[in-house]
There are 2 protein chains.
Amino acid sequence: MIYSSELIKGTLKTIVLKLLADNKKMYGYEITQKVKELTGDKIQITEGALYPSLHALEHEGLLTTETEFIGKRVRKYYSLSPTGKVKTKEKVSELSDFMDTMKALLNVDTANPAVTTIK
Amino acid sequence: MIYSSELIKGTLKTIVLKLLADNKKMYGYEITQKVKELTGDKIQITEGALYPSLHALEHEGLLTTETEFIGKRVRKYYSLSPTGKVKTKEKVSELSDFMDTMKALLNVDTANPAVTTIK
DNA sequence: AAATATACATTGGTTTCTTATGCATTTGTG
DNA sequence: CACAAATGCATAAGAAACCAATGTATATTT
């Protein structure tokens, strides 16, 4: 099972930033594989989504890059800039909070808000 | 605090369906208020997003409508169709599962997948 | 040798939402 | 009582974010 693609919207950049926070440096293809691996194939990041996203993050100043050659093949590593590290914490925490709120929404019987003070 | 708007993307229809599953019938404005209430103002559904979404769900055959007059003001109630009920269960369960997967992604140290078999 | 995996990238199109606008009625407040 | 705010519907133009497809090239597996 793979999640319908609209769910990933809005979460991609945060996922990428989080991976880079844990792994120092990664290249595009590696990121797609890592996400597949970590989610048991449930989340597949397409290249058409990833590369533009990486480029955007770089232009925003959150990522820095270094190119490496493996034989004749290029490999472009991305790392978090200092700003990127700060921003990553913010975005990860926001997304995490959002997930909690959504989980609460989906699990509660919304007909009766009860004393369900969602934090 | 309000979540940055891109996070809501892809989840709106599911939220609406879930609310209708619990509350039999609701009208548009009521839905926006309910979501605000249930999420402590963290999620604000704009009308420009909601109404087109409701219309789409109706055209997809998931919702039925009945119009009521409160004084001179129109109120349009939406309810789940039989198909809608089935679809709602699917979508709620998918989104819930997705939230779990995302939470796991964000909380784990992705540098070391460990024995973290994400269910 | 051929298929698959690795590795980058762009382009056109769609979906989904935001912002803004518009209209009308009802309720609350100074 | 006048005005603001809330209630309630709706649409339209534009932006954002992604997908599917395509392109190029090298490396590895069968």
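Please read all numbers here as calculations on a predicted model, not as lab measurements. Letters go in sequence order (proteins before strands), and every chain restarts at 1.
Protein atom OH of B:Tyr78 is 14 Å distant from nucleotide atom P of D:dG8, rounded to whole Å. Rounding to whole angstrom units, CD of residue A:Gln44 and P of D:dA20 are separated by 11 Å. The nearest whole Å value for the distance from the CG atom in B:Leu50 to the C1' atom in C:dT18 is 14 Å. Computed from coordinates, the A:Tyr77 OH to C:dC8 C1' distance equals 14 Å when rounded to whole Å. As rounded to whole Å, 15 Å separates atom C1' of C:dC17 from atom CG of A:Leu7. Rounded to an integer number of Å, the gap from B:Leu12 CG to D:dA17 P is 17 Å. To the nearest angstrom, P of D:dG8 lies 13 Å from NZ of B:Lys25. Separating the CD1 atom of A:Ile45 from the C1' atom of D:dC19 is a distance of 13 Å, rounded to the nearest angstrom.
Residue A:Tyr29 places its side chain closer to C:dT6 than to any other of D:dA17, C:dT6, D:dG8. Comparing D:dC18, D:dG8, D:dT7 against the side chain of B:Gln33 picks out D:dT7 as the nearest. Among the nucleotides D:dC9, D:dA10, C:dT16, the one closest to the side chain of B:Lys9 is C:dT16. In the set C:dT16, D:dC19, C:dC8, the nucleotide with an atom closest to the side chain of A:Glu47 is C:dC8. Of the candidate nucleotides D:dT11, C:dA9, D:dA27, D:dA27 has the atom lying nearest to any side-chain atom of A:Lys72.
For the OP1/OP2 pair of D:dC19 and a distance below 4.0 Å, the side-chain nitrogens and oxygens of A:Thr46 include at least one atom meeting the criterion. OP1 or OP2 of D:dC18 has not a single side-chain nitrogen or oxygen of A:Lys13 nearer than 4.0 Å. Note on B:His55: a side-chain N or O is less than 4.0 Å away from OP1 or OP2 of D:dT11. An OP1 or OP2 oxygen of D:dG8 is reached within less than 4.0 angstrom by a side-chain nitrogen or oxygen of B:Tyr27. The side chain of A:Tyr51 contributes an N or O atom lying less than 4.0 Å from OP1 or OP2 of C:dC8.
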Stepwise, does the side-chain hydrogen bond (donor to acceptor under 3.5 Å, both in side chains) test hold for A:Lys18 with A:Thr88? CA-CA 6 Å; A:Lys18 162 67 176 165; A:Thr88 298; over 6 Å; no

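Between A:Ile70 and A:Thr11, the residue whose closest nucleotide on DNA chain D is further toward the 5' end is A:Thr11. Checking A:Glu30 against B:Glu6, the closest nucleotide of DNA chain C that is more toward the 5' end is the one next to A:Glu30.
Side chain B:Arg73 to base D:dT7: a donor-acceptor pair is found below 3.5 Å.
When all heavy atoms of A:Lys34 and B:Thr110 are compared, the closest pair comes out as CE-O, 3.0 Å.
Residue A:Gly48 is in base contact, counting any heavy-atom pair closer than 4.0 Å across all strands shown.
Heavy-atom neighbours of B:Lys13 NZ from other residues, nucleotides or ligands within 6.0 Å: above the threshold of 12. Counted within 6.0 Å of NZ on B:Lys91, heavy atoms from surrounding residues, nucleotides or ligands total more than 12; the atom is thus considered enclosed.
Here the straight-line distance linking atom CZ of B:Arg75 with atom CD1 of B:Ile70 works out to 4.0 Å at 0.5 Å rounding.
Judged by distance alone, the side chains of B:Thr39 and B:Tyr3 never bring a donor and an acceptor atom under 3.5 Å apart.
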